[in-house]
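As structure tokens, the structure follows; a few thoughts come after it.
No experiment lies behind these values; they were computed from the predicted model shown.
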There are 2 protein chains.
Amino acid sequence: MLEWLKEPEINFPDQLQYGGFEHGVCVGQIQAKAGLTQSTVSEYLSLLQRAGFVESKRVGQWTYYKRNEGAFEALSKLIQSNL
Amino acid sequence: MLEWLKEPEINFPDQLQYGGFEHGVCVGQIQAKAGLTQSTVSEYLSLLQRAGFVESKRVGQWTYYKRNEGAFEALSKLIQSNL
DNA sequence: CAAAGATATCGACTTTTCCCGATATACCAA
DNA sequence: TTGGTATATCGGGAAAAGTCGATATCTTTG
């Protein structure tokens with residue numbers, strides 16, 4: 001999922017019908033591509049958010065998720081310095 | 001354990017009695033510090049080795065483990081580029 | 001070769017993670 | 001306000017990971 005969200009326009013073309021890519025991609029799009037149930041994907045995304053790897057924004061009935069690039073940068077640096 | 005192995009001289013002073021630090025630290029030292037059973041530590045170290053994070057060298061009755069710094073560098077870069 | 005020490009492997013049990021269906025909540029539109 | 005759509009939460013079962021004791025393997029020493 002995190003790799004998919006690196007190139008939302010390529011991996012989630014149908015997202016255009018749901019408000020574009022400004023705030024990210026909504027759960028249903030990711031769920032369809034992942035082939036897992038709605039609840040699983042929802043839980044997973046909220047876990048990624050708690051971990052800081054994605055940001056979410058609720059707009060109307062949709063929740064958009066997009067990557068938080070800073071977290072990956074930080075993780076990369078953490079592995080370099082601490083681990 | 002991986003953090004401990006970053007500074008073997010500091011974290012495993014008794015290793016001096018078991019051939020020094022040239023090839024790393026032997027399982028018993030790590031086990032004592034970890035507070036887990038011998039089998040658990042042995043399995044864990046061999047897992048880390050299969051994953052590439054440590055290298056092992058058998059010398060006589062001892063097996064020495066040391067960090068493979070390249071693997072951490074590679075992981076850090078992988079997170080930057082692929083993830 | 002026998003005994004002892006260090007490490008590895010095996011089988012079982014416990015804990016955690018993964019994933020699901022069912023249900024709840026939030027929002028929109030008629 | 002009611003029904004439909006999107007997402008979130010909950011409880012439970014299945015799968016995986018973690019840990020252990022017992023035992024096997026390898027090595028050194030006598």
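The structure places CZ of Phe12(A) at 5.0 Å from CD1 of Ile30(A), a figure rounded to the nearest 0.5 Å.
Within the 3.5 Å criterion, the main-chain N or O of Cys26(B) finds a donor-acceptor partner in the side chain of Gln15(B). Arg67(B) contributes a side-chain N or O that, together with a main-chain N or O of Leu2(B), makes up a donor-acceptor pair within less than 3.5 Å.
As judged by a 4.0 angstrom heavy-atom cut-off over every strand, Leu36(B) is placed among residues touching the sugar-phosphate backbone only. Contact annotation for Tyr65(B): backbone-only contact, meaning every heavy-atom pair under 4.0 Å involves sugar-phosphate atoms and none involves a base. Thr63(B) comes within contact range of the sugar-phosphate backbone alone, with a heavy-atom separation under 4.0 Å but no base atom that close.
In this entry the distance linking CD of Gln49(B) with C1' of dA8(C) reads 12 Å, nearest Å. Separating the CG atom of Leu45(A) from the P atom of dA6(D) is a distance of 16 Å, rounded to the nearest angstrom. In this structure, the CD atom of Gln31(A) is 13 Å from the C1' atom of dA8(D), given to the nearest Å. One interatomic measurement links the two molecules: CD of Gln61(B) to C1' of dT25(D), which rounds to 13 Å at whole-angstrom precision. As a whole-Å value, the separation of Tyr44(A) OH from dT7(D) P is 18 Å. Going from atom CH2 of Trp62(A) over to atom P of dA26(C) covers 18 Å, rounded to whole Å. Whole-Å rounding puts the Gln15(B) CD to dA6(C) P distance at 12 Å. Distance Gln38(A) CD to dG21(C) P: 11 Å, rounded to the nearest Å.
With hydrogens and angles ignored, a donor-acceptor pair under 3.5 angstrom links the side chain of Ser39(B) to the base of dG21(D).
At dC19(C), none of the side-chain N or O atoms of Thr40(A) fall inside 4.0 Å of OP1 or OP2 (strictly under the cut-off). Thr37(A) has no side-chain polar atom (N or O) that falls below the 4.0 Å cut-off from OP1 or OP2 of dC19(C).
No donor-acceptor contact under 3.5 angstrom links the side chains of Ser42(B) and Ser39(B), judged on distance only. Side-chain contact of Ser56(B) with Thr63(B): a donor-acceptor pair under 3.5 Å is absent, judged by distance alone.
If you find the closest nucleotide of DNA chain D to Val59(B) and to Gly28(A), the one lying nearer the 5' end belongs to Gly28(A). Summary of the strand contacts: Glu43(B) and Gln29(A) both lie near DNA chain D, and taking for each the nucleotide with the nearest heavy atom, the more 5' one is attributed to Gln29(A). Comparing Arg50(B) and Gly60(A) against DNA chain C, the residue whose closest nucleotide sits nearer the 5' end is Arg50(B). Remark on DNA chain C: of its neighbouring residues Arg58(A) and Leu47(A), the 5'-side contact belongs to Leu47(A), judged by nearest-heavy-atom nucleotide.
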